[in-house]
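Just so we're on the same page: letters track the sequence lines, and every chain starts at 1.
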Number of protein chains: 2
Amino acid sequence: MAGPTLRDVAKRANVSIRTVSNVVNGYAPVSDELRARVQVALDELDYRPNLIARNLKQGRTGMIALVVPELDVPYFAELAREVIRAARAQGYVVMVDQTDGDGDRERELLGRDSRATMFDGLLLSPLSVSADELRARAHRVPIVLLGEHIFNGSFPHVAIDNVSAARDATTHLLELGRRRVAAIGDQPYATGETAQLRTSGYRQAHLRAGLEVDEELIVSTPHFHRRLGAEAMERLLALPEPPDAVFCYNDLLALGAIRALTRAGRRVPDDVAVVGLDDIEEGQYSTPSLTTIAPDKGEIARRAVDTLLESIRGTAGAPAEIVVPHRLIVRESTAGEAAPH
Amino acid sequence: MAGPTLRDVAKRANVSIRTVSNVVNGYAPVSDELRARVQVALDELDYRPNLIARNLKQGRTGMIALVVPELDVPYFAELAREVIRAARAQGYVVMVDQTDGDGDRERELLGRDSRATMFDGLLLSPLSVSADELRARAHRVPIVLLGEHIFNGSFPHVAIDNVSAARDATTHLLELGRRRVAAIGDQPYATGETAQLRTSGYRQAHLRAGLEVDEELIVSTPHFHRRLGAEAMERLLALPEPPDAVFCYNDLLALGAIRALTRAGRRVPDDVAVVGLDDIEEGQYSTPSLTTIAPDKGEIARRAVDTLLESIRGTAGAPAEIVVPHRLIVRESTAGEAAPH
DNA sequence: CATGATGTCTGCATCGTTGCAGAGCCCTCA
DNA sequence: TGAGGGCTCTGCAACGATGCAGACATCATG
């Protein structure tokens with residue numbers, strides 16, 4: 001199973017190992033005659049360089065790791081795709097790992113026996129590891145954080161402006177004339193920082209419109225999955241005064257909410273308008289199609305990869321908070337008029 | 001940036017490098033006193049083993065690569081999740097790469113300078129590389145193929161029985177009393193082997209029901225994406241005698257088709273019933289929810305990983321065609337009665 | 001002709017780890 | 001007492017590649 005090594009090729013071509021290496025890499029000048037002879041031997045043996053050995057010698061692997069909670073959450077899958085593409089453009093490959101949203105697994109990744117040393121850098125989308133834990137554990141591998149707002153000067157961090165994104169979504173609903181706008185996805189505990197930022201934006205929108213927030217309309221969910229969106233919506237529909245619009249903290253929640261509305265016989269957007277966040281492809285094809293806040297995923301991936309590579313090459317400045325643009329995309333789930341009350 | 005090595009720890013604890021290694025790995029017996037001293041040095045320096053060096057020495061990396069066409073296609077994302085999980089259960093990590101459905105990229109992966117040598121094995125879901133090409137290029141790395149039917153004895157291959165899956169889907173529609181059942185997703189050219197198997201199952205179902213296939217109702221699509229499903233459906237609706245049911249070769253096509261139907265004002269399933277294939281999570285929450293053929297993805301992942309590891313460990317038998325079960329899941333998109341013509 | 005510059009090619013050391021063979025030491029038992 | 005065995009611990013070589021310094025031959029130059 002083990003392939004031929006430089007030594008084998010060298011023996012066959014009757015030259016030194018070093019010369020074969022030079023031919024393979026084109027490093028040093030080699031005469032045409034020798035080069036040809038070596039090339040023949042390379043071909044005959046079908047030599048492939050052992051990248052592990054090369055990596056050991058050079059102290060780098062050309063691999064970065066992307067760690068996300070769940071790969072089958074469309075947002076992360078789409079982001080992963082962009083990251084892989086951005087890394088490839090810079091000559092790096094990406095190893096994708098998922099933590100299943102499990103804090104222990106996230107910590108394990110930073111632990112003593114982790115495979116982190118195999119990578120030149122880490123792109124991390126943490127769910128429950130705190131910045132302090134990260135700082136305590138991650139010494140030697142450059143890290144860039146994605147999405148979650150646990151930045152405190154220790155690590156570069158790439159994300160959209162969550163507050164203004166949520167504000168834009170909510171304002172859109174208020175401008176449609178909706179007056180009971182619910183919010184699905186708050187997470188009022190330590191690791192729910194992103195969710196809290198979005199709640200903050202939701203409140204700001206009301207404040208600016210001179211409206212009160214009905215606290216009953218803010219529903220928490222431990223995760224951002226379809227099922228929880230549907231359940232939260234059902235609870236909202238059971239209120240004495242149900243909402244006429246919902247801002248969901250991601251598209252999956254929104255799709256779940258729409259599902260619950262449809263099942264309950266409510267029309268979207270006529271009875272209840274729905275806005276999501278993430279702009280996953282699915283939202284373009286759902287019925288009704290989904291109005292959403294679209295983060296620029298390509299830009300997130302590129303900035304994250306670029307920042308990580310700078311850090312790897314040692315050309316990085318101080319860790320920065322990088323804010324990537326987002327925009328509102330209006331589709332059917334909010335396109336109609338509000339039904340008269 | 002470079003961390004402490006065994007040598008550094010050894011120097012500090014005043015023992016040999018080998019003893020430190022023994023403590024780290026627990027290989028050989030070490031007296032309690034020495035062990036304690038070494039442990040202190042390990043902790044003080046925060047030693048982490050250099051996995052690249054370990055890999056070089058041991059000739060294995062503990063990494064396998066999973067190569068799929070597109071990671072943001074839900075089926076592949078869900079499969080990737082299962083593969084990562086199955087591999088982790090066996091102590092392996094998975095590097096996910098995508099080829100963007102690009103044959104050249106698939107070939108590049110097998111080429112001289114590929115990173116394939118970094119992996120103990122390859123899980124490949126090829127789109128356009130043929131078995132012959134694979135055989136010619138992939139010598140030393142164990143390979144297991146997923147999904148596509150290019151098996152010819154050279155490589156182990158894990159997939160569902162595509163013919164019977166398609167037959168089951170089509171039969172379900174026929175048994176509902178539908179009589180003009182369309183098929184979306186045929187690919188009548190060299191690299192469309194899987195699609196052709198499904199077309200074959202579609203025909204078999206008609207044959208067994210004693211019905212003719214109207215060739216006009218079989219629509220080809222170069223890819224399996226939502227947009228193409230919608231476009232294909234529009235073409236079918238434009239026929240003088242449009243279908244009253246559609247079997248789509250994957251769920252994305254089906255969701256696109258449903259979208260086109262809804263937009264055209266047709267009711268699903270009343271006017272047109274729709275069946276997909278893959279059982280992606282999205283289909284459970286779409287409106288209407290999607291009847292589909294569900295491959296056992298967990299089983300596919302486990303069998304593929306197990307087979308690959310056997311091959312890596314050299315305990316494999318002859319390459320086998322492994323068939324994984326599937327089942328029909330009936331949801332709203334076919335649950336109703338056909339509308340009277 | 002001596003000198004140095006240039007162009008090829010080579011051998012040795014090294015990356016950080018583990019496999020292997022064996023050195024000491026202490027204890028047991030004939 | 002001394003041979004044998006078990007327990008710890010160590011040093012050397014090796015995995016397969018590249019960095020570096022230098023050997024050797026050739027050639028131009030003063």
- Message: Test of understanding: with salt bridge (charged side-chain N to carboxylate O under 4.0 Å, His left out), list the residues that count as partners of E78(A), not counting sequence neighbours.
- Response: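 With sequence neighbours excluded, E78(A) shows a salt bridge (charged side-chain N to carboxylate O under 4.0 Å, His left out) to K297(A), given in chain and number order.
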Distance from [X] atom [atom1] to [Y] atom [atom2], nearest 0.5 Å?
X       : Y       : atom1 : atom2 : value
I64(B)  : I312(B) : CD1   : CD1   : 6.5 Å
L51(B)  : L56(B)  : CG    : CG    : 12.5 Å
D97(B)  : F119(B) : CG    : CZ    : 8.0 Å
I143(B) : S311(B) : CD1   : OG    : 9.0 Å

- Item | side-chain hydrogen bond (donor to acceptor under 3.5 Å, both in side chains) between N50(B) and R54(B), worked out | CA-CA 6 Å; N50(B) 180 322; R54(B) 181 179 289 174; over 6 Å; no
- Message: Could you check whether E310(A) pairs with R313(A) (Lys NZ or Arg NE/NH1/NH2 to Asp/Glu carboxylate O, under 4.0 Å)?
- Response: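 R313(A) and E310(A): not salt-bridged.
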- Residues that E44(B) engages under side-chain hydrogen bond (donor to acceptor under 3.5 Å, both in side chains), provided they are two or more places apart: R12(B)
- Query: Going by atom types alone, do T61(B) and N55(B) pair a side-chain donor with an acceptor below 3.5 Å?
  - Reply: no
- In whole angstrom, give the distance that lies between atom CG of D32(A) and atom C1' of dC9(C). 15 Å
- Query: How close or far is atom C1' of dT10(C) from atom CG of L34(A), stated in whole angstroms?
  - Reply: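 In whole Å, dT10(C) C1' lies 11 Å from L34(A) CG.
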- Task: Scan T19(B) against the nucleic acid and name what it touches under 4.0 Å (heavy atoms): base, sugar-phosphate only, or nothing.
- Result: base
Table please: side-chain donor-acceptor pairs of residues 86-94 of chain B below 3.5 Å, with sequence neighbours left out.
unit_1: R88(B); atom_1: NH1; unit_2: Q98(A); atom_2: O; d: 3.4
unit_1: R88(B); atom_1: NH2; unit_2: Q98(A); atom_2: O; d: 3.4
unit_1: Q90(B); atom_1: NE2; unit_2: D306(B); atom_2: OD1; d: 2.6

- Item | Nucleic acid footprint by protein, nucleotides 16-21 of chain C - heavy-atom cut-off 4.0 Å, B for base, S for sugar-phosphate alone | BBBBB-
- Item | Inter-axis angle, terminal five-pair segments of the helix from dC1(C)-dG30(D) to dA30(C)-dT1(D) [nearest 10°] |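 Rounded to the nearest 10 degrees, the bend comes out at 70°.
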- What are the 5'-most and 3'-most nucleotides of DNA chain D lying under 4.0 Å from any heavy atom of chain A?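 On DNA chain D, the outermost contacted nucleotides are dC15(D) to dC20(D).
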